[in-house]
S.K.: 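Supplied in structure tokens, the structure appears directly below.
Starting from 1, each residue takes its place in the sequence as its number. When reading the values below, keep in mind they use all heavy atoms of this one structure, side chains included, and skip hydrogens, waters and symmetry mates.
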Amino acid sequence: MKRTKAQQSRSAIERLYITMRHLFTRGTYKPTGVSGESLVDSLLILSPEIYGLVADPEKIELDGLLYVMERLPRGIEECRYIRLISREGYEKSGFNPIIPAKRRRNCYRVDEDQMYVEMTRGKSDIYDILTHLTFLFIESKKIARNSMDPKGVINLNWEMLAKIVGKEERDEEFSREAACSYLSHITGRTFEETHQAVEKFESSSHTNSLFSIVYHLGRLSMMELSDEKDRQISFSATLRERVGHHVYGELWAERIKQVLDEEALTNRPIHIISANLHSFLNTIYGHQALGLDSFEAIEKEAMEIGTAGKNSKAREIEAYAKHHGLIELPDLSGTNIGVQLIDTSKMNSKTLIPHVQLPTDEKRKPVLIVMDYAFGEQAYECFDELLKPYEKNGRRVPLDVISASIMGKAGILKGNKGDIMIPSSHVFEGTADNYPFKNELKTKDFEGYGLQVFEGPMISVLGTSLQNRDVLQYFMESSWKAIGLEMEGAHYQKAIQSASKIRNSIRKNVKVHYAYYASDNPLETGGTLASGALGMEGIRPTYLITYKILEKLGEIF
């Protein structure tokens, strides 16, 4: 029986993960080796939407390249040896950390040929970066092919690009128009497409220029062909030892509980919120510090903060918050998840937000734990550790967790960027794990704000960069009837259900609020994550979900 494209794609995803797990266990591999070629073959069969033209034998995918380079350390395209490490003391060394723009992690350029990348977010992060590196390898081979004739003789465009990159490194002037012309031949793209891509890379302050990236990717591929100097990706022994053992999640959760204990907050009602850190701060304290008395007023102020930056009221709000219950806990554990504790007993206001009354009894005044977004399986690691009782002097002190609220970004399958999704269950891709749950947030809560709202199952995918049109349409059109895809929902739910229904470390009737806003529509041309961030369009859905979660919390205070 002939398999459908969706079945072939899902099989390719499974092969990718099996291969990556094998390579991780083995400790090292070469992209040109048998295992490396297996990754390449599977990725080309899958041909994910986010990587656009990756399967085209000649054209370089430029938007996908920018997406990847913003999530990898600057200069990684120059390195033959990439080593994925745990937190192993390099933060105390003389190496200056390189932190990617869109995926905060410490990376270290050890020498001309070696880049070390800290992986502290668990397996999802490792699989994600291996997929990105495989994409770079595929594109580098295309660049090398486009720069040579069939006999392996370097063409003029490559020679001219090399001169341009030399001038760029020496900070000498050169003709951008001519440089884009040489580059367009090497990338197999039109002059206009190349020129636009060059400008996009220039506007991204954390990456090298497109000229330099293409040159160095091509150079490494040519060295493999002519000098047999293969690239190599390896995993440190410490990383392989620590992954899956909640090392960083435990450190992260322990610090939160210690501060709760120091502030005498462990016996108070606790509401845990996974979201960004700015919207809850600005919504709660914008109301209390500036007297913003409606969602519209809070949204307007958020817009001004977004556009005015340092000249906005953001600092005033934050300064007020620090004197009225806000405790900031920047990450020290390696998880890269910052936390804010909000002690409502230290608030002057009787209302948390407009029309949401705080309890008058001091002992019933809630504590909010607002944590930044987790990444994939890291969500289970951190939530699982946080929901465990606090252990002190041989005593176990369970936290009185009343609710868990998850706000996230997700890919939408039926709507547009900025629309809202309300999950009724999470289906973990590639497994038999399904998590139905009662979501206290409903479609009607978001009606009348000019945004489309969709309710239904959501797929927790193994990686955002491993989805293509066939897989997505299967999830949307089959009996799964999925409304969107994200990476953390099932992992959060796994932790919540095990803590409340099996381990009994939190109350069985814990309230759950889930809502996502659409950061992209991977089924739309130009609508994938590689097309860029939401920008100001994301303020309304972000703050609306924030507002509605806080309204729901008010119902259970």
S.K.: P389 and S505: which non-hydrogen atoms are nearest, and at how many Å?
M.R.: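 That closest heavy-atom pairing would be CD-CB, 3.8 Å.
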
S.K.: Would you say that R83 contacts V117 through its side chain, given a criterion of any heavy-atom pair below 4.5 Å between the two side chains?
M.R.: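 Side-chain contact under 4.5 Å: no.
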
S.K.: Between E486 and S460, do the side chains contain a donor N or O and an acceptor N or O under 3.5 Å apart?
M.R.: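 The criterion, which ignores hydrogens and geometry beyond distance, is satisfied for E486 and S460.
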
S.K.: Can we say E299 and R540 salt-bridge, meaning some charged N sits less than 4.0 Å from an Asp/Glu carboxylate O?
M.R.: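 R540 and E299: salt-bridged.
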
S.K.: Mark yes or no for whether T283, through its side chain, and F280, through its backbone, hold a donor-acceptor pair below 3.5 Å.
M.R.: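 Not at all, since once roles are kept as given, no pair shorter than 3.5 Å links the two residues.
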
S.K.: Looking only at heavy atoms, what is the nearest atom pair of L485 and A410, with distance?
M.R.: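 In this case the closest contact between L485 and A410 is O-CB, 3.4 Å.
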
S.K.: Does the D419 side chain pair with the main chain of N416, one donor and one acceptor, at a distance under 3.5 Å?
M.R.: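 Such a contact is found between D419 side chain and N416 backbone.
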
S.K.: Check this for me, if you would: do E118 and R105 make a salt bridge, where the nitrogen-to-carboxylate-oxygen distance has to be below 4.0 angstrom?
M.R.: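 No, no charged N to carboxylate O under 4.0 Å.
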
S.K.: Within a 6.0 Å radius of atom CZ on R21, are there more than 12 heavy atoms belonging to other residues, nucleotides or ligands?
M.R.: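 It does: R21 CZ has more than 12 such atoms within range.
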
S.K.: For a 4.5 angstrom cut-off between non-hydrogen side-chain atoms, does Q258 reach Y390?
M.R.: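 SC-SC contact between Q258 and Y390 confirmed.
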
S.K.: Would you call I272 and L368 a side-chain contact if the rule is heavy atoms closer than 4.5 Å?
M.R.: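 They are not in side-chain contact.
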
S.K.: Spell out, as yes or no, whether a donor-acceptor pair under 3.5 Å connects the side chain of E429 to the backbone of R10.
M.R.: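 Judged by distance alone, no pair lies under 3.5 Å.
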
S.K.: Measure from the ring center of H271 to the ring center of F557 and say whether it is less than 6.0 Å.
M.R.: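 Yes, the ring centres sit under 6.0 Å apart.
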
S.K.: Is a side-chain donor-acceptor pair under 3.5 Å present for H513 with N439?
M.R.: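 Side chains of N439 and H513: no pair found under 3.5 Å.
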
S.K.: With a 3.5 Å distance limit and no angle check, can you tell me whether E488 reaches the backbone of G376 through a side-chain donor-acceptor pair?
M.R.: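 At least one qualifying donor-acceptor pair exists.
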
S.K.: Angle between ring planes, Y90 versus Y116, binned at 30° and 60°: parallel, tilted or perpendicular?
M.R.: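 Judged by the thresholds at 30° and 60°, the geometry between Y90 and Y116 is perpendicular.
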
S.K.: Are any of the side-chain nitrogens in R315 or E318 under 4.0 Å away from the carboxylate oxygens of its partner?
M.R.: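 No, no charged N to carboxylate O under 4.0 Å.
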
S.K.: Would you say the ring centroid of F295 lies under 6.0 angstrom from that of Y449?
M.R.: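 Here the rings of Y449 and F295 have centres that are less than 6.0 Å from each other.
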
S.K.: Do D128 and T131 have side-chain N/O donor and acceptor atoms under 3.5 Å apart?
M.R.: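 Per modelled atom types, D128 and T131 side chains form no pair under 3.5 Å.
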
S.K.: Less than 4.5 Å apart, any side-chain heavy atom of T351 and any of H287?
M.R.: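 Of all side-chain heavy-atom pairs linking H287 with T351, at least one is under 4.5 Å.
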
S.K.: First locate atom OG of S349, then atom CD of Q288, and finally report the distance between them rounded to the nearest 0.5 Å.
M.R.: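 Answer for the OG-CD pair, S349 versus Q288, is 4.5 Å.
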
S.K.: State which residue, out of D400, D361, D343, fulfils the salt bridge (Lys or Arg N to Asp or Glu O under 4.0 Å) condition with R268.
M.R.: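 Considering D400, D361, D343, a salt bridge (Lys or Arg N to Asp or Glu O under 4.0 Å) with R268 is found only for D343.
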
S.K.: Answer yes or no: is there a donor N or O on one side and an acceptor on the other, between the side chain of N468 and the main chain of E49, under 3.5 Å?
M.R.: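 No: the side chain of N468 does not pair with the backbone of E49.
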
S.K.: Are side-chain heavy atoms of M476 and K481 found at a separation under 4.5 Å?
M.R.: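 A side-chain contact under 4.5 Å is absent here.
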
S.K.: Taking the six-membered ring of Y67 as reference, does the cationic atom of R71 (NZ for Lys, CZ for Arg) lie under 6.0 Å from its centre and within 45° of its axis?
M.R.: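 Yes, cation above the ring, under 6.0 Å and within 45°.
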
S.K.: Can a salt bridge be assigned to the pair E328 and K322 using a cut-off of 4.0 Å between side-chain N and carboxylate O?
M.R.: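 Yes, this pair counts.
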
S.K.: Say whether H132 and Y51, considering side chains only, have a donor N or O and an acceptor N or O under 3.5 Å apart.
M.R.: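 There is such a pair (donor and acceptor under 3.5 Å, judged by atom type) between the side chains of H132 and Y51.
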
S.K.: Students often mix this up, so state it plainly: with edges at 30° and 60°, are the rings of F437 and Y514 parallel, tilted or perpendicular?
M.R.: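 Rings of F437 and Y514: tilted, 30 to 60°.
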
S.K.: Of all the heavy-atom pairs spanning W252 and S333, show the shortest one and how long it is.
M.R.: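 Nearest pair, atom of W252 first, then S333: CB-OG, 3.5 Å.
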
S.K.: Any chance you could measure K257, atom NZ, to L265, atom CG, to the nearest 0.5 Å?
M.R.: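 Here the rounded value is 14.5 Å.
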
S.K.: Between K388 and E254, does at least one N-O distance fall below 4.0 Å, as a salt bridge requires?
M.R.: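 Judged by the 4.0 Å cut-off on N to carboxylate O distance, K388 and E254 do not form a salt bridge.
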
S.K.: For the pair D384 and K494, find out whether any cationic side-chain nitrogen is under 4.0 Å from an anionic carboxylate oxygen.
M.R.: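 So D384 does not pair with K494 through a salt bridge.
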
S.K.: So, are R255 and D331 salt-bridged, with charged N and O less than 4.0 Å apart?
M.R.: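 So R255 does not pair with D331 through a salt bridge.
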
S.K.: For F446 versus A515, what's the shortest heavy-atom pair and its separation?
M.R.: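 Nearest pair, atom of F446 first, then A515: CZ-CB, 4.3 Å.
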
S.K.: Please report, to 0.1 Å, the donor-acceptor pairs under 3.5 Å made by any side chain of residues 235-246, with sequence neighbours excluded.
M.R.:
residue : atom : partner : partner atom : Å
S236    : OG   : E88     : OE2          : 2.5
S236    : OG   : L239    : N            : 3.1
R240    : NH1  : T25     : O            : 3.4
R242    : NH1  : S86     : OG           : 2.9
R242    : NH1  : R87     : O            : 2.9
R242    : NH1  : Y248    : OH           : 3.0
H246    : ND1  : E385    : OE2          : 3.0

S.K.: How about T120 and T335: do any of their side-chain heavy atoms sit closer than 4.5 Å?
M.R.: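 A side-chain contact under 4.5 Å is absent here.
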
S.K.: Taking only Lys NZ, Arg NE, NH1 and NH2, and the carboxylate oxygens of Asp or Glu, determine whether D445 and K552 approach each other closer than 4.0 Å.
M.R.: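 Salt bridge: yes.
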
S.K.: Looking only at side-chain N and O atoms, does H278 offer a donor or acceptor that is under 3.5 Å from a partner on Y543?
M.R.: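 Side-chain D/A pair, Y543 to H278: present.
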
S.K.: Measuring from M119:CE to K123:NZ, what's the distance to the nearest 0.5 Å?
M.R.: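 Rounded to the nearest 0.5 Å, the CE-NZ separation comes out at 13.5 Å.
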
S.K.: Might you point out which heavy atoms bring S500 and K508 nearest each other, and give the distance in Å?
M.R.: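 Smallest heavy-atom distance, with atoms named: O-CG, 3.2 Å.
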
S.K.: Side chains of L553 and S405, heavy atoms from C-beta outward: is any pair under 4.5 Å?
M.R.: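 A side-chain contact exists here, since the closest heavy-atom pair is under 4.5 Å.
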
S.K.: Report yes or no: does Y17 contribute a side-chain atom to a donor-acceptor pair with the main-chain N or O of L462 at less than 3.5 Å?
M.R.: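 Confirmed, Y17 side chain pairs with L462 backbone.
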
S.K.: Less than 6.0 Å separating the ring centroids of H426 and Y492?
M.R.: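 Not close enough - the centres of the two rings lie 6.0 Å or further apart.
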
S.K.: At what distance, to the nearest 0.5 angstrom, does CD1 of I129 lie from CD1 of I76?
M.R.: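 Rounded to the nearest 0.5 Å, the CD1-CD1 separation comes to 5.5 Å.
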
S.K.: State, yes or no, whether a side-chain contact exists between E70 and T207 at a heavy-atom distance under 4.5 Å.
M.R.: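 Yes, at least one pair of side-chain atoms sits under 4.5 Å.
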
S.K.: Quick one: which of R103, E381, E377 gives a side chain to side chain contact (heavy atoms under 4.5 Å, CB included) with R121?
M.R.: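 Output: one option passes, namely R103.
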
S.K.: Answer yes or no on whether K414 is positioned over the face of F454, meaning its NZ or CZ is under 6.0 Å from the six-membered ring centre and within 45° of the axis.
M.R.: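 Negative - K414 is either too far from the ring of F454 or too far off its axis.
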
